[in-house]
Structures are given as structure tokens and as C-alpha cells.
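Taking it in order: structure first as C-alpha cells, then the write-up.
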Amino acid sequence: MKVLITGYNGMLGRDMFNVLNNESETIGVDIEEFDITNINDCISYIRYVKPNILINCAAYTDVDGCETEIELAYTVNALGTRNLAIACNEVSAAMVHISTDYVFDGLKGRSYVEDDMTNPINEYGKSKLAGEKYVQALLNRHYIIRTQWLYGQNGKNFVKTMLSMAKKSIELRVVNDQFGCPTYTLDLAHAITELIKTSAYGKYHITNNGIISWFDFAEEILQIAMIQGAKIIPIKTEEMNRPAQRPKYSPLENFNWKISGHTALRSYKDALTEYIKENEL
């Protein structure tokens, strides 16, 4: 199987490449190789590579930035995804598209399953949902994977930020009214690798197991890293005064993943413990 990974330099893209490269012919590309927002580049490059499957990890993920750079958000997250789907059709390739819990408004009051009604409340979520719709409309052979609260070895993430600030004795102000499922990109990469070996196309929520607030997650990060004395102050979302609204309760129930016979991912706490210790954070 030949696999092409877009967004290779990102946090999930790197882990996807490292996991798949052990068992498949895997090619990782980023904007330096070709620009997904240019449909001609997409078609010509994918015709040249002829992958059996494309995993799209490329995205504009600055949630607050999307509020002011709306055109860029839609160009990358919606039209870029459309371009990849069209190109996959050209070579009869299947496609994995990575999406987000931000396609939901967080008002359901319990975890979201794959077929729940979407209602994004920020431009990032709207642009990602538009990308999902393009994939569904243009490709029969696709996997749409929603995940959330990612952290991993490559690039910036919440875990690294908390540890860096705590070690510098910087006061941490963390929201305690947003809830989700922290997810280790390495675990997600292994799950995606398992999924693409099947022809069970469709929509999946894939996260580590367990629900927590950002504030409690920050406390667990410092506890596992054995950092004492750091001051963490719980605050409300409104106190952050961020440009983009965030869903307050948007855990993703891995319903389709489980009923398809896959084993639930390990708890976020076990994954976090391994991540901190193995990376010596």
C-alpha cells in the first residue's frame, strides 16, 4: 500500500508517517512540496505519486486567527480539502480527512456521537465542516475522523506550554468550564493505521478515553511531571477574552469506532504519563 500524508510537518502528520513507514510505502509532504490550495498542483502531484490512500493532516488550525483570516481558513480547510478529494478521484485513491470537535456547539450536555447535528460556533469549525462536506460529496471511499485536544512530540501543544510556564514559575490561568478528551497523536496515528486496513469507510470519532476540563488536565500534567509550587488559577472562558468562541462541552464519543469492533483507546491519563516520561518533559 502506498500512502501519501499531507501536512507532514505537523504534530499528527509526523506521527502518522513514523507509524506507517514501518509497514507501507509512505510519502510525507507539506507546503514546500505542493500547495493543497492550488487544484492544479494537487492533481498533478497526486497523479504523479498515485497513492492508494491519502491522509490529509494539512489544516489552518489557528482558531483565533480564523476569526480574522476567514478567507484563508476556508481556502485551506475547505477548498484545499476539496482539491485533495478531486485529485483522489483522479487516481481512485481513498482519503482520510482529519476533522475536529469544533464542528459542534457544545450545547448537547453530553458526549457527541458521529451522527449528531453539527453547529459550529467559530470560523475554524465552520471551515472544517465545509471540508467534511466536500469529502462526503466527492468521494465514496473516505474516512472522516474527528478528534480533539491533540498533543504530541512535534510542535507546540497545551502540555508543553503548561510545563514550560510552570518551570519558569509563571502563574497559570486555565479555563475550568471547557471539557473534552485529551488525545495523544501517537495513539491517534496507530488507530488510523488500524482503520485504513479495512474498507469500513465513514465517519469516526477517535480520542483517548476519558473526559476532563482544561484546568484539571493542567493539574494532572504538573502532577505527572512532579512539578510542585506552580500556581494554577481556574477561570471562566469569558475571562480569556479570546476572539473565537469555544464549545464548552464537546467530548467525542467513539461510537462508530467501538461498534466496528475496534478496541477503545487507552485512557488519556495513561497516554499523558507515557508522553511526559518518554519525552523527558
Lys277, NZ atom: more than 12 neighbouring heavy atoms under 6.0 Å | no
Just checking, any donor-acceptor pair under 3.5 angstrom between side chains of Ser99 and Glu132?
-> yes
Electrostatic pair Glu123:Lys126 at N-O distance under 4.0 angstrom = yes
Please work out whether the ring planes of Tyr45 and Phe34 are parallel, tilted or perpendicular, with thresholds of 30° and 60°.
-> parallel
Polar contact flag, side-chain donor to acceptor under 3.5 angstrom, His97-Asn56 | yes
Flag for Arg14-Asn9: side-chain donor and acceptor within less than 3.5 Å = yes
Side chains of Tyr275 and Gln153: is there a donor and an acceptor less than 3.5 Å apart?
-> no
Return yes if some donor-acceptor pair links the side-chain N/O of Asn256 with the main-chain N/O of Lys203 below 3.5 Å, else return no.
-> yes
Neighbour count >12 (heavy atoms, 6.0 Å) for atom NZ, Lys160 = yes
How about Asn208 and Thr183: does a side-chain donor come under 3.5 Å of a side-chain acceptor?
-> no
Neighbour count above 12 (heavy atom, 6.0 Å) for Lys269 NZ = no
Is the closest basic N to carboxylate O distance between Lys197 and Glu23 below 4.0 Å?
-> yes
Verdict with reasoning, Lys168 to Ile170, per side chain to side chain contact (heavy atoms under 4.5 Å, CB included) | CA-CA 5 Å; Lys168 295 175 183 176; Ile170 298 174; 3.9 Å; yes
Modelled atom types, side-chain donor and acceptor of His142 and Gln136, under 3.5 Å = no
Are Asp101 and Arg146 within salt-bridge range, i.e. N to O under 4.0 Å?
-> no
Is the closest side-chain donor-acceptor distance between Gln178 and Ser213 under 3.5 Å?
-> no
Without swapping roles, check the side chain of Asp187 against the backbone of Leu265 for a donor-acceptor pair under 3.5 Å.
-> no
Which of these, Tyr184, Trp149, Phe217, Tyr268, sits in a ring-ring contact (aromatic ring centres under 6.0 Å, His included) with Phe158?
-> Phe217
Have a look at Val96 and tell me which of Ile53, Val135, Leu54 forms a side-chain contact (heavy atoms from CB on, under 4.5 Å) with it.
-> Ile53
Please say which of Gln245, Glu239, Glu238, Met240 ends up in a side-chain contact (heavy atoms from CB on, under 4.5 Å) with Arg242.
-> Met240
Trace of the side chain to side chain contact (heavy atoms under 4.5 Å, CB included) decision for Phe104 with Asp116 | CA-CA 9 Å; Phe104 299 113; Asp116 277 331; 3.9 Å; yes
Pair Glu253 + Arg110, salt bridge at N-O below 4.0 Å = no
Mind checking whether Tyr8 and Val29 have side chains closer than 4.5 Å, heavy atoms only?
-> no
Sub-4.5 Å side-chain heavy-atom contact between Ile232 and Glu219 = yes
Is it the case that Tyr134 and Asn77 place a side-chain donor and acceptor less than 3.5 Å from each other?
-> no
